[in-house]
Amino acid sequence: MDTNRLLDTLNPEQREAVTLPFGPALVLAGAGSGKTRVLVHRIAWRIETADTSPQSVLAVTFTNKAAREMRSRVLGLVGPKAQSMWLGTFHSMAYRILSRHTREAGLRSSFTILDEDDQRRLIRQLIREMQVNERDFPPALAQWYINQNKDAGLRAGSVPDGDGQRDRVLHDLYRVYESKLQSLGAADFAELLFRCQDLWQAHPALLESYRSRFREILVDEFQDTNTLQYLWFRTLTGAQGGPFVVGDDDQAIYGWRGGRVEHVLRFAKDFEGTRVIRLEQNYRSSGAILTVANALIAHNPSRLGKTLWTASETGRRPVLFTADDELEEAAYTVSAIESILSGGQPAETIAILYRSNAQSRVFEETLVRNSIAYRIYGGVRFFERGEIKDALGYLRLMADPENDSAFERVFNIPTRGLGEKTLERVRAQARQDGLSLIASAQALARSTAAPAERSTRALSGFLTLLTDMREAIRGLDLAGQVERVIALSRLPEYYQTDDPLRAETRIESLAELVNAAAGFEPDPEAEPASIEFAPLQAFLGQITLAMEPESRTDRPGQIQLMSLHAAKGLEFHTVFIAGLEEGLLPHIRATETTGGLEEERRLFYVGLTRAQRQLYLIRARRRRLRGHYFDTLPSRFLLEIPADHLETAEPRMVTRLPHPRAGYRTRDPSYPAAIGQRVRHPKFGEGTVLSHEGDGPQCRIHVRFEGSGAKWLIWEHARLEALES
DNA sequence: AACACCTGTGTTTTT
DNA sequence: CACAGGTGTT
């Protein structure tokens, strides 16, 4: 094969990195310098020239999305044989390893992965059991303490004794939480990495087999690795390994999540003979944008040092606009967007970035009023939605009836006359006999103590339902099982009566879950498990680690709205960064420490370097926060950019957008209501139509009501009255 | 057990 | 202000 093809499109530094001989390598890749490109080509290069089997490749990315993208790009270069490489997040790699050795790792064969929500629930329960004052130690605080330590690679036993009562209580909670996880045979995210480490330590031969298999280990976004991940990675690599890592210290923005930039330096120390390569040529942004970004980041004292340059033209200077308030901020932005769109630029190449998700609302409303389609990232993720968790509860009980947390979740959903009292009885029985909840529930239901009692009958009914369900899905394919379980659970009917307004959305989510199951591809290497419902089990395992089902709502023609964090790794022709004020960016809570401040500066830097050709920086003189207006100061970061690097924008002629156009209709006449239309609802009063899905009488429309907030309504049932405005 | 009210909270986010 | 989750009431 013509391997030159792999190098033709690279610059000298990229080429040097890609063709390095086996051995530790650190690529310091500036924003837009072709970092992913280098990783992808490095993998392809090793496969094609070093006689490396794709099987020996393990590449770690920060998100599942990045992993998918990288996989498809490698496949594009070397073809389907690359399918067998391991490519994913730290957690999914650890999970994959653990699930092959559950017994040795001391986990149940179908162990549950607790997400943040499950984790907090469990911690709350423990706080109550331990009779700790919930006011002084809110679950969220304990959770933060525990995760902070876990991210730092510290088990409860390794956390140094703090001084003071407070620290002691938290430490105790951590200890109890840890043993609770152990006894449940469950794992939170960090636990996956810990357990994997423990497994390797207890079974050196296993570690050896993984080390000799994965000769080619690569890590992306290295600057954001936390200590736990770093230690895991170092263990797997071993002293003889030659890992290839890529990162940019200027883009480290996850310190609050345990990420430690220092790992970049530590890497070169820990791996003797590390080759360091810098990629400083930026291919993304215009000269004027890059100048601003460089000027800003130069204010961070602790940097490895790196100056981005570009061969592209200077282009237009970034525009700075000062609005009176957040309404004008949005009005200016949207009006600028309108003129860009009218010039023919595709909407999906325009992004609005902000520090906190709460800022999105004004933009949403303004976009809606002007009938501009947008896509918003962030908010409640798919697998965290309540209805999905309900359905997953049933599914988990199918794969593993002894799963206690799943049992508790669906115990009384749909409501079936079982409450806290009955549950506590089951729990007590389980504690006493050392059995699972389901086993104790069966014992209670069978015991003749009070067979006619209402709760006993309800309990029997629930248990029968589970048994029947299990019977009914035997032999079905995965999607069929999911569908059947949802139907038999009668969750849809329950949502319908419980909260008719939200029912439709929820039922749709459940349909999405069936889709996700239909599209699920199991680990091809997994041994054919003899366990019943093995595919279901694999699906459930993967789900918590991949919180967003693949490309659900990606449609062209939509403006992109997201937080600065979420923008990492992306690029847009035109970028608006809003809310450049003290207290917002830098965020008030990050200004107390220099470390925090530097991270905020990097966050802004990440935002600036997302822009390819046009950049708008916007601030408001006053801003409404929790109902009150506050005067603001310009972000100190704006003052760090020399004034002549920016162009100051005059208020647009239209700073206040016209009111929603009465009677305005979208192009498709089958929509019964137009976006921006004023309506009245018999119960919720007056409101404005935000958007709609589907068409005809069954379509759902989203209305923001004054006073009662935004609601999804079914057109047919909503009895809405159109108003003139 | 179910519902209405009330209180506290409110950075970023992947896994 | 807006919402989630928790408490208290029926």
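Everything numeric here is computed off the predicted structure, so don't read it as measured data. Below, chain A is the first sequence line, B the second, and so on; all start at residue 1.
Between F189(A) and the options L228(A), T544(A), D151(A), T89(A), a side-chain contact (heavy atoms from CB on, under 4.5 Å) holds for only T544(A). The residue from R619(A), R623(A), R621(A) that alone fulfils the salt bridge (Lys or Arg N to Asp or Glu O under 4.0 Å) condition with E581(A) is R623(A).
Checked against ring pair (Phe, Tyr, Trp, His ring centres under 6.0 Å), Y177(A) has no partners two or more places apart in sequence or in another chain. Every residue two or more places apart in sequence or in another chain that forms a side chain to side chain contact (heavy atoms under 4.5 Å, CB included) with E178(A) is listed here: R155(A), A156(A), Y174(A). Looking at residues two or more places apart in sequence or on another chain, you find no ring pair (Phe, Tyr, Trp, His ring centres under 6.0 Å) involving H587(A).
The heavy-atom pair separating Q229(A) from D224(A) by the smallest distance is OE1-O, 4.1 Å.
Separating the CZ atom of R121(A) from the P atom of dA4(C) is a distance of 14 Å, rounded to the nearest angstrom. If you measure from atom CZ of F90(A) to atom P of dT15(B), you get 13 Å, rounded to the nearest angstrom. Here dT14(B) presents its C1' atom at 15 Å from CD of Q542(A), a figure rounded to the nearest Å. Residue D220(A) contributes atom CG, which lies 13 Å from atom P of dT15(B) at whole-angstrom precision. Here dT13(B) presents its C1' atom at 13 Å from CD of Q148(A), a figure rounded to the nearest Å. The nearest whole Å value for the distance from the OH atom in Y377(A) to the C1' atom in dT13(B) is 15 Å. Atom pair Y95(A):OH and dT14(B):P shows a separation of 21 Å (rounding to whole Å applied). Put simply, CD1 on I543(A) is 17 Å from P on dT14(B), counting in whole angstrom units.
Between H565(A) and W256(A), the ring planes lie perpendicular to each other; the angle is over 60°, past the 30° to 60° tilted range. Taking the six-membered ring where the residue is Trp, Y230(A) and H263(A) present parallel rings, their angle staying beneath 30° rather than reaching 60°.
Taking atom C1' on both dG5(C) and dT12(B), the two are 23 Å apart, rounded to the nearest angstrom.
Residue N412(A) places no side-chain N or O under 4.0 Å from the OP1 or OP2 atom of dA1(B). The side chain of R361(A) contributes an N or O atom lying less than 4.0 Å from OP1 or OP2 of dA2(C). For the OP1/OP2 pair of dT15(B) and a distance below 4.0 Å, the side-chain nitrogens and oxygens of N147(A) include no atom meeting the criterion.
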**OP:** Classify every nucleotide of nucleotides 3-12 of chain B by which part a protein heavy atom approaches to under 4.0 Å, writing B for the base, S for the sugar-phosphate alone and - for neither, in 5'-to-3' order.
**Re:** -------BBB

Original post:
In the 5'-to-3' direction, what one-character label does each nucleotide of nucleotides 5-10 of chain C receive under the scheme B = base within less than 4.0 Å of a protein heavy atom, S = sugar-phosphate only, - = no such atom?
Top reply: -S----

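A side-chain donor-acceptor contact under 3.5 Å links R602(A) to the backbone of A252(A).
The cationic atom of R601(A) (NZ for Lys, CZ for Arg) does not lie both less than 6.0 Å from the six-membered ring centre of Y605(A) and within 45° of the ring axis.
Listed by first residue number, the stems of DNA chain B with at least three Watson-Crick or G-U pairs below 3.5 Å are B:1-10 with C:1-10.
Between R257(A) and E116(A), at least one side-chain nitrogen of the basic residue sits less than 4.0 Å from a carboxylate oxygen of the acidic one, meeting the salt-bridge criterion.
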Subject >> Test side chain to side chain contact (heavy atoms under 4.5 Å, CB included) applied to F411(A) and L459(A), step by step >> reply: CA-CA 9 Å; F411(A) 189 63; L459(A) 192 59; 3.8 Å; yes

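Of the listed nucleotides (dA1(B), dT15(B), dT14(B)), dA1(B) has the atom at the smallest distance from the side chain of T422(A). If you check dT14(B), dA1(B), dA2(B) against the side chain of R257(A), the one that comes closest is dT14(B).
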